[in-house]
Amino acid sequence: MKTGISPFTLLRRAPDCPARCGILRTLHGEVRTPVFMPVGTQATVKAVTPENLEQLGAQIILGNTYHLFIRPGHELIRKLGGLHGFMNWHRPILTDSGGFQIFSLKDLATITEQGAEFRSHLDGTRLFLSPEDAVQIQEALGSDIMMVLDTCIPWPSGRLETEKATAMTGRWAARSRHAQADSGQLLFGIVQGGMYRDLRQRAAEELVNIGFDGYALGGLSVGEPKELMYEMTEATVSHLPGEYPVYLMGVGTPEDLVESVYRGVDMFDCVMPTRNARNGMLFTSRGRLVIKNSCYRDDPKPPDEQCSCYTCRHYSRAYLRHLFMSKEILAYQLNSIHNLFYYCSLMAEMRHAIEQNCFTAFRKNFYSMRENVESATI
RNA sequence: GGAGGGGUUCCCGAGCGGCCAAAGGGAACAGACUGUAAAUCUGUCGGCGGAGCCUUCGGAGGUUCGAAUCCUCCCCCCUCCA
């Protein structure tokens, strides 16, 4: 929305760190932050139904501009009720712009000032995505939060290269804001700047000058050491206006979420809970559990004895291992439900801790739960 | 009874004198996975701490400097004919 009014209401700030909780208002309702957004690239969070998502506590999910643009096409989705009607999800949706695909499909993409030219990863068709196109496609998709098209810089990258790419992302951001119609959809800018604190700062200031409904941190968790990622997060957040939501894109592990909330981030998305679920790895309050490992062959315990998700309430590790080893479809569904529940619950716990002014204690406890356990004896 | 084909490392299956501890699958075991080209990818996969050595290609002999590969006999399996 081009109103200049923040869609975000800050409810509480931690007394001893930048952690905070709040409410983000969108066309499809409010989102309590800090929040984790399951990734549903192709108008589906892989292996789970929208009903599953509601039950496990997902407040908002992602969709992807590039993928939905090439298949089935944004005009088709517009006709069939927008993304919400098309996929039967009636809570908020954030759509990524395709910027990450410029990065992950770099061998198929060519970047110019005008935009990104792709050869479709499906059939090689040449297609073009400009910042304006990305906004218009997301308007057709009807997402609640749109992301500007950006260029994600790999790690490591030299300063000059980073500076150039970041400057162009800034110009693309201005064009995106300008291209936006008055639909009520929110538009977030994306701070790049690689691993250079001053470039991050400059990028943040440029975006704030343009004025967005929220600010995202892009180009992190691209292979750099964790400490560097946390340092860049800190450095960037400190230059963003506190009354707007802050979104750390593509992150991360449960530890990353805790560390980033601790540093003032409000929103996250990551394929990790869903992808790793499909690859036989479950997140638990005591650490990671690789359900395909032979030690769970006859283990009657649920994946996480502390967890109250549908999977943990009904199924044993032995059964889940059997399903996974047999490549049964249900394995992917039950594992995904568990991991997403774990992520969403972790965020709920963090919100609660911030509201109760005890986030620092929460963070300490989060780690002590893990330190007490050897992965083999989870 | 006659004619032909075959028995290979957990399974399927290639190899048909040296480059073979033996291709390639599968299974199994382990690892990776961070804005999803991902129900994907990588590694290990006879034994012994390694260079190396030892045991292995239905069984027993033999030929050869050298055999999973050639010869003899034996044991199983399959197809066709009677």
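Residue numbers begin at 1 in each chain, while the letters A, B, ... track the order of the sequences. Side-chain atoms are counted along with the backbone in the values below, which use heavy atoms only and exclude waters and symmetry mates. From a predicted model like this one, the values you see are computed outputs, not experimental measurements.
Nucleic acid contact class of A:Asn64 (heavy atoms, under 4.0 Å, all strands): sugar-phosphate only. Base engagement by A:Asp256 is indicated by at least one non-hydrogen atom pair under 4.0 Å involving a base atom. Within the nucleic acid shown, A:Leu94 has no heavy atom closer than 4.0 Å to any nucleic acid atom. Residue A:Lys226 is in base contact, counting any heavy-atom pair closer than 4.0 Å across all strands shown. A:Glu328 comes within 4.0 angstrom of nothing in the nucleic acid, heavy atoms only. Residue contacts shown for A:Gly99 are absent, as no nucleic acid heavy atom lies under 4.0 Å away. Looking at heavy-atom distances under 4.0 Å, A:Met229 makes no contact with the nucleic acid at all.
Between A:Met281 atom CE and B:rC41 atom C1' the separation is 16 Å, expressed in whole Å. In this structure, CG of A:Leu323 is placed 17 Å from P of B:rA39, rounded to the nearest angstrom. Atom CG of A:Asn293 and atom C1' of B:rA32 are 13 Å apart (whole Å). To the nearest angstrom, P of B:rC41 lies 13 Å from CZ of A:Arg278. A:Leu105 places its CG atom 13 Å from the C1' atom of B:rG35, with the value rounded to the nearest Å. A:Arg119 places its CZ atom 13 Å from the C1' atom of B:rA37, with the value rounded to the nearest Å. Atom CD1 of A:Ile153 and atom P of B:rG35 are 17 Å apart (whole Å). Distance A:Trp155 CH2 to B:rG35 C1': 20 Å, rounded to the nearest Å.
The side chain of A:Gln101 places an N or O atom within less than 4.0 Å of a non-bridging phosphate oxygen (OP1 or OP2) of B:rU36. An OP1 or OP2 oxygen of B:rA30 is reached within less than 4.0 angstrom by a side-chain nitrogen or oxygen of A:Ser294. Contact annotation: A:Asn279 does not reach the phosphate of B:rG31 (side-chain N/O to OP1 or OP2, under 4.0 Å). A close approach under 4.0 Å does not occur between any side-chain nitrogen or oxygen of A:Thr41 and OP1 or OP2 of B:rG35. The side chain of A:Arg275 places an N or O atom within less than 4.0 Å of a non-bridging phosphate oxygen (OP1 or OP2) of B:rU34. One finds a side-chain N or O of A:Lys327 lying less than 4.0 angstrom from the OP1 or OP2 phosphate oxygen of B:rA27. The side chain of A:Arg321 places no N or O atom within less than 4.0 Å of a non-bridging phosphate oxygen (OP1 or OP2) of B:rA28.
Closest to the side chain of A:His67, from the set B:rG35, B:rC29, B:rA37, is B:rA37. The nucleotide whose nearest atom lies closest to any side-chain atom of A:Val271 is, among B:rA37, B:rG35, B:rA27, B:rG35. The A:Met272 side chain lies nearest to B:rC33 when the options are B:rC33, B:rA30, B:rU36. Of the listed nucleotides (B:rA39, B:rA38, B:rA37), B:rA38 has the atom at the smallest distance from the side chain of A:Gln42. In the set B:rC29, B:rG35, B:rA39, B:rG35 carries the atom at the smallest distance from any side-chain atom of A:Asp96. Distance from the side chain of A:Lys292 is smallest for B:rA32 among the nucleotides B:rU36, B:rA32, B:rG35. Nearest to the side chain of A:Asn276, among B:rC33, B:rG35, B:rU36, sits B:rC33.
Mapping A:Gln192 and A:Arg297 onto RNA chain B by nearest heavy atom places A:Arg297 at the nucleotide closer to the 5' end. Take the nearest nucleotide of RNA chain B for A:Tyr332 and for A:Val222: the residue whose nucleotide is more 5' is A:Val222.
Pairing of B:rU55, defined by two Watson-Crick or G-U wobble distances under 3.5 Å, is not identified with any nucleotide. Of all nucleotides present, only B:rU40 satisfies the Watson-Crick or G-U wobble test against B:rA32, with each distance under 3.5 Å. Of the nucleotides present, none pairs with B:rU69 by Watson-Crick or G-U wobble criteria with both distances under 3.5 Å. With both pairing distances under 3.5 Å, B:rC10 is matched to B:rG26 as a Watson-Crick or G-U wobble pair. Nucleotide B:rG1 has B:rC81 as its partner under the Watson-Crick or G-U criteria, with both atom distances under 3.5 Å. Across the strands present, B:rU64 finds no partner; the criterion is a Watson-Crick or G-U wobble pair with both atom distances under 3.5 angstrom.
On the P atoms, B:rG35 is 24 Å away from B:rG43, given to the nearest whole Å. Taking the P atoms as reference points, B:rU42 lies 10 Å from B:rG25, given to the whole Å. One P atom belongs to B:rC77, the other to B:rG24, and the distance between them is 33 Å to the nearest Å. The separation of B:rG5 from B:rU72, taken at their P atoms, amounts to 14 Å, rounded to a whole angstrom. Distance check on atom P: B:rC57 versus B:rC70 gives 15 Å, rounded to whole Å. Nucleotides B:rU9 and B:rA68 have their C1' atoms positioned 11 Å apart, rounded to a whole Å. Between B:rC74 and B:rC53, the two P atoms lie 38 Å apart (nearest whole Å). B:rC45 and B:rU56: their C1' atoms are spaced 16 Å apart (whole Å).
Within the 6.0 Å centre-distance limit, the rings of A:Tyr66 and A:His121 are counted as a close aromatic pair.
Checked by atom type, the side-chain pair A:Glu205/A:Gln201 shows a donor-acceptor distance below 3.5 Å. Using modelled atom types and a 3.5 Å distance limit, the side chains of A:Glu328 and A:Ser326 yield no donor-acceptor pair. A side-chain N or O of A:Thr169 and one of A:Thr151 form a donor-acceptor pair less than 3.5 Å apart. Looking only at atom types and distance, the side chain of A:Gln192 has a donor-acceptor partner in the side chain of A:Asp150 under 3.5 Å away. A:Gln101 and A:Asn64 share a side-chain donor-acceptor pair at under 3.5 Å.
Classification of the A:Phe100-A:Phe103 ring pair by plane angle, with boundaries at 30° and 60°, yields tilted.
The neighbour count for A:Asp182 CG, taken as heavy atoms of other residues, nucleotides or ligands under 6.0 Å away, does not exceed 12.
One N or O donor and one acceptor, one from the side chain of A:Thr274 and one from the base of B:rU36, sit under 3.5 Å apart.
Cation-pi geometry between A:Arg263 and A:Tyr230 is met: the NZ or CZ atom falls under 6.0 Å from the ring centre, inside 45° of the normal.
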